[in-house]
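Heads up, the thing below is written out as structure tokens.
Below, all heavy atoms of this structure are taken into account, side chains as well, without hydrogens, waters or symmetry copies. So that the names make sense, note that chain A is the first sequence line, chain B the second, and so on, each numbered from 1.
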Protein chains: 2
Amino acid sequence: MIAKKANYHQQIIKHLYFAGSLSCAELSILIKKSVPLTAKVLNELMESDFVLETGLAESTGGRRAQKYELNAGQVYIIAVAMDQLITRVAILDMHHNFVGDVKKIELKLANNPNALTEIISNIQGFIKASGISKEKFAGIGISMPGFIDVKKGINYSFLKTLHGESINACIENALKIPVLIDNDSSIIALTELKMGRARGKKNAMVINVGWGVGLGMILNAELYRGQNGFAGEFSHIPMFNNNKLCSCGKTGCLETETSLQVLIEKAKEGLKGGRLSGLAKDFPTGHYETDYEMIIDAALKGDQFAVELFSDAGYNIGRGIAILIHLLNPEIVILSGLGAFAGKMWEAPIQQALNKHCIPRLAENTVIEVSKLGYNAALYGAAALVMENKTIDYHPHSEKHKQKKILLIK
Amino acid sequence: MIAKKANYHQQIIKHLYFAGSLSCAELSILIKKSVPLTAKVLNELMESDFVLETGLAESTGGRRAQKYELNAGQVYIIAVAMDQLITRVAILDMHHNFVGDVKKIELKLANNPNALTEIISNIQGFIKASGISKEKFAGIGISMPGFIDVKKGINYSFLKTLHGESINACIENALKIPVLIDNDSSIIALTELKMGRARGKKNAMVINVGWGVGLGMILNAELYRGQNGFAGEFSHIPMFNNNKLCSCGKTGCLETETSLQVLIEKAKEGLKGGRLSGLAKDFPTGHYETDYEMIIDAALKGDQFAVELFSDAGYNIGRGIAILIHLLNPEIVILSGLGAFAGKMWEAPIQQALNKHCIPRLAENTVIEVSKLGYNAALYGAAALVMENKTIDYHPHSEKHKQKKILLIK
DNA sequence: ATTACTTTTTAAAATATTTAAATAAGTTTA
DNA sequence: TAAACTTATTTAAATATTTTAAAAAGTAAT
């Protein structure tokens, strides 16, 4: 009985988590159940402190609706966002607020057999320091780069486990909290779907322009992962006859001409070759992040060489987008990730590529936009991953709750 | 009440249509409802002659299950399959049998303002000749080439309506039978999903190699159409720097190097250029179909030039498939359409392209196969389209049925 | 301020659906 | 060949869910 109904509780929690605040009538439509049933479930959720009443909605010409929200501190999520060099750990409440500070750990993923152990001990320490009891955590969501089989919980690029068990099981055993992992590009797409520009859209392509070029696909209003969770390998679609060796072992991949890494390499080459540019003075610094920022700055100031770098990369990304549009006819294409900081720089060259390589009727029906979510997108998305997949332990009539009530009465 | 329950009736009819014969227990699992409820619905469907009991299932170690099937002649479907030159019309019963002959009409789609009128009058005549009353038809399913907005019911390539109304409405008004249209490649994919090699698969790419190169995508066990129904424009993804003008106005489209049309053109050019080949004698005949068959025959006999033609086209299709695999990580890729008649000829060159252009881990997880469905695939698919989307008028307690029963009693 | 109109919430009645137990019809084992 | 075990179907009782109708709470216009 609870088991059966718990489904609605779950759904309502999920909707409130992503929407923030909803009325009973709105929830009733979202979960496709009658208002009285929705009201009943809401009342139960309020009794067990998951949900709170938070005043009346704006008037729409009749009786004003009561609004409901999640109780921010009833459940927490641990969000972990990794890139090749830095791992961030944070605790988020049910209102997407960070609880305490975001912890930054310098953790090299490549060829680091201790990476997994380090993560575990770091998370463990982080939980202890937070002072929040373990039962309060719905789960740990981890965003990581690499070739990930989500079902099996294996990352074929990094974080090898000792005996080939799943990363999930490995961390769960140590921490006793459910773990969910996913590819960083998928996570970013999920964030765009749930709280970004893809909100409410049924089809969207989210391109994660970073040191590589990733892709997260929203198809039928869901994150699409493919048969083995490998979908979205945009980086490695064969697109050039350039004889440039890619990290994947092939040549001519999209990534060989368009990633931010390539952008920096091309900047170096160009300067060596004598190109005039405001960059010339201090470039390169030896740090990818700083180099990238310098190129953006130069481009925004109108430096021709820097602008050209973005134009070339953008045009090639545009060619890739043309392929996506032909195949998947999406409503929107969102440029996200580190590359999004270059904002407007991408727009013209991409549009140019679409004009050249896209059937007009298709291009017309697709909007191209740069993401407005910042650096925290991956953390929000890791939390969203947990809320998307985890079943929160809802026990309105469990001993624990009865106990609690008795205590309150006393 | 009926309106509410009719949903289950619909679902059961659908499952029986595609599976042929199922037990109550199996249906109960498929529609995710309890056995007693399923049994009740089944009984109602039997009372109104939609469903028949058809003996016991094979033993599985316990009581043998009663099997149920659709009553073949209770409902019919009109299936229409069009290509640029020929339109076929057929009536199918609930067991996928053709009722009477398939009618072939020579109907040029390109620049033919009368095409729609001709189709309507042909279907009308066909129905009359069949002697089946209009109420018996669940719908008309039409498979057609071109750029189709399924929601709006518009084909931007052919079959323009007078005032821009939908093709569906146009035919429905004339014939008073519900109409569903879709792109031929989508239809073929639907057929593969429902009764071909993609049966039970969650992700599949069905490539329709014909005079163009189409693509139907099965994602999450459903036909994916994209935002405007334009998804799957495989033909026109930019893939070459060949400066060859495509029918779409762009250059370098996949189609400019790989369609059967191109195959024939290349054969002509090669022979003109002095290539030695068994083809040389009677080729070209002036008929695409015959030319194509001749090339297949020659290739199967080992004619080097003909084999080379398939190798080149196959390799290029393979490069396209590599893109699909990277982006969508499908379980299976099926080669279908007219091209499928060349069968094994494609396998080696495609595999070669995948070896060269695909990340091994991705290629390993995807099977490439040639379709076994023949020329009738589009007709079966047009019927499947109707059964997928149409709600059959189910009225167990309507006046009509009461009437009928009274008559029987008399 | 009264009336007419909206929309939300609530309570009671009606309906839909599932669960659990009983029955039926086989297969397998000793 | 009977007892033990499977699986399928039917029935009745229990539960879940929706529908209906009425009450509550507001807005807008006169």
> Quick one: salt bridge (charged side-chain N to carboxylate O under 4.0 Å, His left out) partners of Glu69(B), sequence neighbours excluded?
Replying inline: none
> For Tyr8(A) and dA16(D), is the shortest distance between a side-chain N/O and OP1 or OP2 below 4.0 Å?
Replying inline: no
> Just checking Ala65(A): base, sugar-phosphate only, or nothing, at a heavy-atom cut-off of under 4.0 Å?
Replying inline: sugar-phosphate
Could you state the atom-to-atom distance from [atom1] of [X] to [atom2] of [N] in whole Å?
| X | N | atom1 | atom2 | value |
| --- | --- | --- | --- | --- |
| Lys67(A) | dT8(C) | NZ | C1' | 13 Å |
| Asn7(A) | dT18(C) | CG | P | 13 Å |
| Lys40(B) | dT17(C) | NZ | C1' | 8 Å |
| Leu37(B) | dA16(D) | CG | P | 16 Å |

> Considering residues at least two apart in sequence or located in another chain, which fulfil the ring pair (Phe, Tyr, Trp, His ring centres under 6.0 Å) criterion with His15(A)?
Replying inline: none
> Between Glu192(A) and Arg199(A), is there a side-chain N and carboxylate O pair less than 4.0 Å apart?
Replying inline: no
> Between Arg197(A) and Glu331(A), is the closest basic N to carboxylate O distance under 4.0 Å?
Replying inline: no
>> Give me each pair satisfying salt bridge (Lys or Arg N to Asp or Glu O under 4.0 Å) with a member in residues 11-22 of chain B, each pair once, sequence neighbours excluded.
In response: none
> Listed in order of residue number, which residues of residues 24-36 of chain B have a non-hydrogen atom at under 4.0 Å from DNA chain D?
Replying inline: Cys24(B), Ala25(B), Val35(B), Pro36(B)
> Mind checking what makes side chain to side chain contact (heavy atoms under 4.5 Å, CB included) contact with Val99(B), not counting sequence neighbours?
Replying inline: Tyr76(B), Ile91(B), Asp93(B), Ile132(B)
> Of the non-hydrogen atoms in Ala198(B) and Ala204(B), which two are nearest, and what is the gap between them?
Replying inline: CB-CB, 3.9 Å
Name the pairs: protein N/O against N/O of nucleotides 21-26 of chain C, kept only if under 3.5 Å.
unit_1, atom_1, unit_2, atom_2, d
dA24(C), N3, Arg63(B), NH1, 3.3

> In terms of heavy-atom contacts, does NZ of Lys152(A) have more than 12 from other residues, nucleotides or ligands at under 6.0 Å?
Replying inline: no
